[in-house]
Structures are given as C-alpha cells and as structure tokens.
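Not measured: the values here are computed from a predicted model.
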Amino acid sequence: MFRNTYDSDNTVFSPQGRLHQVEYALEAVKQGSAAVGLRSKTHAVLLALKRSTGELASYQQKMFRIDDHVGIAIAGLTSDARVLSNFMRQQAMSSKMLFNRPVPVNRLVSAIADKAQVNTQEYGRRPYGVGFLVIGQDKSGPHLYEFSPSGNSYEYYAMSIGARSQSAKTYLEKHYKSFEDASLEDLVRHGLHALRETLQQDKELNENNTSIGIVGPASHFEKKPVTGESFRILENGSVRPFLDTMVAKEAADAPAAPAPAAPAAPAAPASGDEDVQMAE
Amino acid sequence: MDHFPTNWGRPRNDAFDAYGTYPIHQRPQNGPKDAFVDGVQRTQQPIVTGTSVLAIKFKDGIMMAADTLASYGSLARFKDVQRLFPVGDNTVIGAGGDMSDFQYIQTLLDGLTIDEFTAQDGHTLGPAEIHEYLAQVMYARRSKMNPLWNALLVGGVKDGKKFLAFVDLLGTTYSASTLATGYGAHIAQPLLRKAVEGYENVLTEEQALKIIETNMKVLFYRDARSLNKYQVAIITEQGVRISESKTLDTHWSFAEGIRGYGAQTQ
Amino acid sequence: MPAMVSTSQPVQQSFNPYTENGGTILAIAGADFSVIAGDTRQSEGYSIQTRYAPKVFRLTDKAVLAVNGFAADGNMFVKKVRQRLEWYRHAHAKDMPIRAIARLIQTMLYARRFFPFYVYNILGGIEEDGTGAVYSFDPVGSYEREACRAAGAAQSLVQPFLDNQIYFKNQTPAPGTAFPKHLPLSTVLPLVIDSFTSATERHIEVGDGLEIYIVLSKGSTALQGLQTVRGVQELTATNDGERVFVIRRELKKD
C-alpha cells in the first residue's frame with residue numbers, strides 16, 4: 001500500500017516539515033486501550049482499561065510499578081513499554097543507590113523523553129510505539145505526566161491516552177476544575193467516568209477490565225494496609241468498591257455520548273485518527 | 001566452543017574473539033589496556049595532610065571547624081589552606097587527610113552541584129544526599145584499592161532537619177551529634193560529647209562557638225600537626241556561613257617551668 | 001652494618017581496605033517466630049564512632065537481616081540485597097521467600113570470594129511453611145539453617161550461653177522428661193536481652209543500644225504476649241499475614 005514517499009525513514013523530513021514515522025508511532029499509541037490519569041492536591045491516580053483477546057485469554061497488563069513513589073499506565077506496544085519501564089526502574093534504583101533519594105518524577109519522565117527523542121533523529125532506529133501516563137509523588141507533591149513516542153512530555157491536571165481517549169479528554173476538560181480539592185474517592189470516580197467514555201457501545205467497566213493505580217494516602221475502600229503513601233495497583237476485587245461509586249451514565253451530568261466530532265482539546269496536539277495526510 | 005584442544009583448560013583470551021561471539025560494541029576488553037598499566041601508581045599514603053575536623057549540632061543547626069594548616073610530614077608546609085567547603089545552599093564538608101584528594105573531591109562536588117542546578121526543577125541535594133554520594137565514591141575507590149585518603153565530615157540543615165555524618169577512605173560511615181576526625185577523635189570527641197550530648201536543641205550559637213573554640217585550643221596545645229589559625233562554618237536553615245580565619249589566644253608561660261623545655265639551663 | 005637495621009628491600013606499606021567495627025548480633029528461631037537482635041555501637045579500635053548505628057535491617061515482612069563485621073561492607077551489602085529484592089518484587093509482584101533470600105545471599109557473598117565482603121550475616125524470619133527460621137553465613141557464603149546463632153565481637157561469649165539455654169547442651173533432663181524442641185517467645189526474649197547485657201559487661205565493643213526484631217508467622221500465638229512488652233513497635237508493611245516488630249533497649253555506655 002503506497003502511503004507516502006517520506007515515511008520509510010524517520011530521520012527524513014517531509015516537505016511539510018513532518019516526520020511521518022514519528023506520527024505513525026503516535027498512531028500506535030492510539031491503537032492501545034485507553035488510560036486516564038488525574039491529580040488532586042493530595043493524590044494522583046491512574047485508571048486503565050485492560051483488553052483481552054477472548055474469553056479464554058487473560059487481560060493485558062496496563063500498569064507497572066516503577067518505585068515506591070512512581071507508577072505508569074501504558075497505551076500501545078506492551079513490549080516497548082517493558083523496555084522503557086525497566087529503564088525507569090534502573091533510574092529510580094540508581095538514584096536510591098547514589099543519593100539515597102527517591103528520583104524526582106520530572107527527571108524520570110525527562111529521561112525517557114530524551115531516550116525517545118534519540119529514536120526520532122538517529123539513522124536506523126525506530127520510535128517507541130507506546131505512550132505513558134506517569135504518576136508519582138516527590139518533595140513537590142503529587143504529579144501526573146504524559147510521555148509520548150515523539151519525545152514530548154508534559155505535566156497535566158488530568159490526561160488520557162489510547163483508543164478513543166478524546167472522549168475521556170472531553171469529560172476531563174469539563175470537570176478538571178473540581179479535581180484540585182477532590183477526595184481520593186471522588187478523583188477515582190471521575191477517572192472511571194472518563195474511562196467509561198472510551199468504551200465501545202454495549203461494553204462496561206468491570207472488575208476484570210479495570211486497573212486503578214494510586215499514589216497518596218489510602219482510601220477507606222482499600223483493604224491492604226498501605227505503607228506510607230506508596231504507589232499501588234488495584235485490580236479485580238479491590239476495584240469493586242470504586243466501581244460501585246459510579247453514577248449511571250444517563251443520571252450523571254456526563255457530557256453527551258462520545259461524539260466523533262468532539263472539539264479538539266486545547267492541551268492536546270490537534271490530531272485525530274485521520275491525522276496523517278497522504279499525497280502532498 | 002573452542003575447537004583448538006591446546007587451548008582447553010587454559011584461561012580464555014577474551015581480547016581476541018576468534019569466532020565473533022560478541023557483538024562488536026559489547027566485546028569484553030579483558031586484556032591489558034595499554035603498556036603502562038604496571039606503571040600506574042595508586043595512592044598508598046597521604047602526602048600533604050590536614051589534621052582534625054570538629055563538628056557539633058546546636059540549636060539552629062551545625063557548627064564545624066578545622067584549622068588552616070596543610071602539613072608535609074612534620075613540616076608545616078601550607079599555613080592558609082581552607083579545609084571547609086560549602087556544597088549547595090545548606091551543606092558544608094570538612095576534610096582531614098590528603099589535601100590533593102580533597103581538592104579532587106571538591107571538583108567532583110562542583111560538577112554535581114552544577115548538574116543539579118542546571119535541572120532547575122526545584123529539587124536540590126541536601127546534606128544527606130551529598131553524604132550518601134560521598135560514601136559511594138569513597139567506598140568505590142577503596143574497592144578499587146585506590147582510595148581517596150580522607151576523613152570527611154558532612155554537616156547541614158535541610159527542611160528543618162539537622163544532619164551530621166562522617167565518611168572516610170574505607171567508606172565507613174556513621175552519624176552522631178558530635179563528630180571529630182583524626183587526632184580530634186581521641187582528644188576532642190570526649191570533651192565535645194560531654195558538652196553537647198543532650199543539649200543539641202538547647203545550645204545557642206554563642207555557646208556552640210565557645211565549645212568549638214575551647215576544643216580547637218586543646219587540639220592546638222596537644223596536636224603537633226595543628227595550627228592556631230582556624231575557620232568555623234555555621235550551617236543553619238538560613239544558609240552557610242564560613243568565617244575568616246580566627247587566631248587562638250594561647251599561653252605558653254607554663255612551659256618556662258618545664259625542665260628541658262624552658263629557658264633554664266639545667 | 002648495625003644489626004638492628006634491616007638489609008632487605010624497602011617494603012611499601014600497602015593500603016588495607018578492611019577494618020573491624022565491633023558489635024555483636026544474634027538470632028533465635030522459634031516454632032512460629034524468629035528473633036533477630038544486634039547492639040548499636042560502632043567502634044574502631046578503642047574509639048566509639050557512634051552509639052547508634054543499626055546492624056539489623058528489615059528486608060521484607062518475613063525476613064530480617066543482621067550484618068556484623070566491617071561496617072562499610074555491611075551497609076553496602078544490605079543495599080545490594082535490597083536492590084535484588086526490589087527487582088524480584090518488580091518481576092513477581094511479591095516478596096522473595098526467606099530460603100530464596102538465603103541462597104541469594106550465599107551467591108552474592110561467594111561472587112566476591114577473592115575480595116570478600118568482610119561481614120558475618122545472620123538472616124532470620126518465617127519460611128513459606130510458617131516455621132521460624134535462622135540462616136547464618138560466613139563472609140564467603142557458606143551457610144546453613146539453624147535454630148540459633150550468635151556472631152561478631154562477642155560470639156565467643158554469647159554462643160556457648162545459647163548452646164546451653166536453647167540446645168540444652170550439658171544439661172540432663174529430669175528422668176522421664178525431655179527438653180522442648182522449641183522455646184516460647186516469652187522465654188526467648190529474656191535470653192536475648194540477658195545475652196546482650198552480659199556481652200556488654202565483658203566486651204568493650206558491645207553496648208550503647210539494643211535492637212530486637214521479632215518476626216511472627218501468620219496467626220502466631222506469640223502475638224498476645226508480645227503486645228504487652230514495653231516499647232514494642234510494629235513495622236509490618238503488607239497484609240500477607242507475617243508481622244514484624246522491633247523492641248529497642250538501652251545498654252550500658254561505658
């Protein structure tokens with residue numbers, strides 16, 4: 001299938017000044033199931049939708065623990081994510097080894113962004129096919145970052161990545177002002193509502209397909225004693241109490257159903273699925 | 001598999017990878033690196049040395065002192081050397097032992113502070129982090145049998161917490177409310193403990209200064225490698241202050257009465 | 001040439017990468033608990049460097065490691081073990097079982113067979129079958145599982161005492177009775193404390209402070225007795241069932 005003359009090597013610009021391989025990598029992120037991240041004054045949370053290839057198959061892991069104070073949710077190629085998360089774990093550990101200090105979250109994100117950038121410039125490489133939402137806590141409080149294969153990283157109040165993440169983004173944009181002072185339970189509920197927007201028709205969030213990642217003080221819904229405020233991943237039975245707090249879609253003041261024509265988010269790079277323009 | 005039976009049971013020569021077993025960029029370089037390895041000298045003893053460093057906790061932070069002498073054996077070689085070194089905004093390190101190794105440590109720490117400053121993200125290295133880093137450097141060097149021949153004190157205040165700890169050429173570390181290196185560990189440490197332990201949050205800056213001065217004087221009287229010129233570093237939440245060199249007021253008239261020391265002829 | 005002067009080549013005093021920092025550690029295994037203790041004095045020669053330098057470290061909720069010997073090697077070794085445990089946690093999403101930690105420690109020690117970590121390790125905790133365990137190591141990795149072990153400066157004072165009181169060596173049971181295989185925590189704790197007060201009395205490198213870690217297996221009956229002990233503090237981090245406690249005591253400082 002002919003697409004474009006300028007897309008076989010990522011180090012070649014198109015006459016429009018674009019790197020098509022990088023843009024295709026961003027598409028790979030959009031193929032992955034959605035992940036949502038939110039931040040309040042006290043907490044940062046991740047919510048992700050796990051996919052399974054069928055009734056008999058297990059669900060794909062969407063979240064990884066990096067250190068006591070950092071965790072990620074991924075969308076895109078899981079194998080690339082493992083490489084990058086391993087690198088992040090090494091960084092976190094070397095910070096502990098050298099300085100006995102938990103690595104500052106922003107530096108961790110910058111480190112993988114720099115790695116990703118190299119892949120957009122050097123001959124014979126390919127960009128990573130995965131995007132991250134990174135949450136973490138350090139001396140400057142809880143944080144939420146997005147990392148993408150283009151080598152960009154931004155900090156957000158709330159963000160979503162992956163398939164149909166635009167719908168979740170629309171929900172988040174409508175409600176983000178209330179996140180700052182929200183309780184952990186409210187924050188997660190907003191996250192679940194946003195994540196729900198990314199679902200296909202007739203699908204719903206349940207114990208099996210939902211992962212929740214949290215940094216910050218424990219909720220009364222959490223059974224396990226949390227040491228300090230470290231990152232933990234809730235799955236299966238542990239997400240039940242949070243799922244139960246969700247308000248039915250019709251009843252909630254949720255935005256209109258995921259509209260394909262939803263307005264593009266100002267925070268996000270203007271893009272859609274039809275993004276790549278073909279013939280010049 | 002080595003197909004040459006004559007090589008079996010012998011040490012492998014990894015410098016020559018006859019069968020291309022390794023990707024080029026990760027081929028081990030186990031052979032001698034150059035012809036001069038046998039000529040490389042490692043520090044086996046200190047040359048130009050500083051003597052004791054003292055440090056105590058007091059109400060507002062840490063106070064550290066060291067005289068300004070760098071000796072060449074028993075020769076008082078350099079009499080105006082600063083042995084207290086500020087790192088970042090809330091840490092001071094004080095060094096005894098080899099002064100050239102200490103200057104190397106200063107360049108290491110300068111590099112580190114610049115890297116940290118360049119990040120410009122609000123995260124800074126406090127005394128605890130700097131101490132951990134130094135401990136790793138010192139331990140790594142001793143493990144290469146090429147030590148940095150120093151005993152270092154690291155003191156500082158960050159986020160309302162006082163920090164005072166020790167690290168030496170072996171990588172040995174410890175922390176206490178009074179610390180002293182070298183000769184001071186024997187002479188001054190007992191006096192410091194008596195004056196400070198239990199009063200770490202009570203002693204005022206003036207009282208702490210007095211304790212430090214007394215101990216520097218005792219050391220000058222008893223330590224033949226010491227000098228009556230010294231500097232004091234005061235580290236508080238507000239930052240680091242390192243004084244100009246102070247001169248100790250000492251009296252030697254008692255020596256007149258000592259047989260074989262004073263003016264008497266017999 | 002005067003007889004007192006050596007005619008041999010000048011000898012260069014080479015750098016000695018080791019020192020000895022004193023102190024003593026011990027561990028005792030019960031049926032469903034394990035006690036691991038160490039004093040907190042760190043010294044070199046006749047100088048006390050500090051009165052509080054911990055030698056006993058909680059690794060997981062089921063394993064506690066005591067290290068004694070050259071303090072710099074000890075601290076570095078604990079740091080490296082913790083790193084390996086963290087990677088295990090990343091890979092398997094659970095804590096490494098104690099018998100695996102024991103084998104890991106032997107591998108790590110033996111890897112440095114020709115430039116050893118100059119440390120004696122004692123690992124205490126709970127096995128996967130719920131029994132109390134103590135593993136002791138030499139600096140190059142020889143190890144075995146035991147019921148009790150003392151190491152460090154006052155090993156020669158404490159170990160014979162434990163042999164007598166734990167293994168009932170040189171004691172004869174009353175006719176028709178047998179010695180118990182495992183002692184209860186209420187018997188073990190006073191033995192530990194007495195071991196250290198005695199060692200402090202007779203050994204100059206032991207003293208200042210005492211840290212006693214207690215690891216209880218799931219549903220251990222020793223829990224009730226422990227909670228009434230003065231100053232006991234819980235350190236448990238997970239909900240796996242095993243629980244870790246620490247008791248701190250003063251020792252003589254002279």
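- The two residues B/Thr172 and C/Gln42 make their nearest non-hydrogen contact at CG2-OE1, 3.7 Å.
- Within 6.0 Å of atom OH in C/Tyr110, 12 or fewer heavy atoms from other residues, nucleotides or ligands are found, so the atom counts as exposed in its surroundings.
- Neither the backbone nor the side chain of B/Thr178 comes within less than 4.5 Å of any heavy atom in chain C.
- For C/Arg84, the CZ atom counts as loosely surrounded, since its 6.0 Å shell holds 12 or fewer non-hydrogen atoms of other residues, nucleotides or ligands.
- With values rounded to the nearest 0.5 angstrom, B/Glu132 atom CD is found 9.0 Å from C/Asn75 atom CG.
- The contact between C/Asp73 and chain B is made by backbone and side chain atoms together, counting heavy-atom distances below 4.5 Å.
- Interface residues of residues 212-227 of chain B toward chain C, defined by a heavy-atom distance below 4.5 Å: none.
- Counting non-hydrogen atoms of other residues, nucleotides and ligands closer than 6.0 Å to CZ of C/Arg103 gives a total of 12 or fewer.
- Of all non-hydrogen atoms in B/Arg193 and C/Ile48, the two that sit nearest each other are NH2-O, 2.7 Å.
- Around atom OH of B/Tyr139, more than 12 heavy atoms belonging to other residues, nucleotides or ligands sit under 6.0 Å away.
- Within 6.0 Å of atom CZ in C/Arg112, more than 12 heavy atoms from other residues, nucleotides or ligands are found, so the atom counts as buried in its surroundings.
- B/Tyr104 OH: 12 or fewer foreign heavy atoms inside a 6.0 Å radius.
- Counting all heavy atoms, side chain and backbone alike, C/Asn16 lies closest to B/Leu170 at O-CD2, 3.4 Å.
- Within 6.0 Å of NZ in C/Lys79 there are more than 12 heavy atoms belonging to other residues, nucleotides or ligands.
- Open room surrounds OH on C/Tyr46; 12 or fewer heavy atoms of other groups in view lie less than 6.0 Å from it.
- The structure places CZ of C/Phe117 at 7.5 Å from OG of B/Ser143, a figure rounded to the nearest 0.5 Å.
- Under the 6.0 Å distance and 45° angle rule, C/Arg51 does not count as a cation-pi partner of B/Tyr174.
- Closest approach of B/Met145 to C/Phe15, counting heavy atoms only: CE-O, 3.5 Å.
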Next on the checklist: If you apply the rule salt bridge (Lys or Arg N to Asp or Glu O under 4.0 Å), what do you find for B/Glu197 with C/Lys253, and how did you get there?
Outcome noted: CA-CA 13 Å; B/Glu197 276 182 3; C/Lys253 297 180 197 307; over 6 Å; no

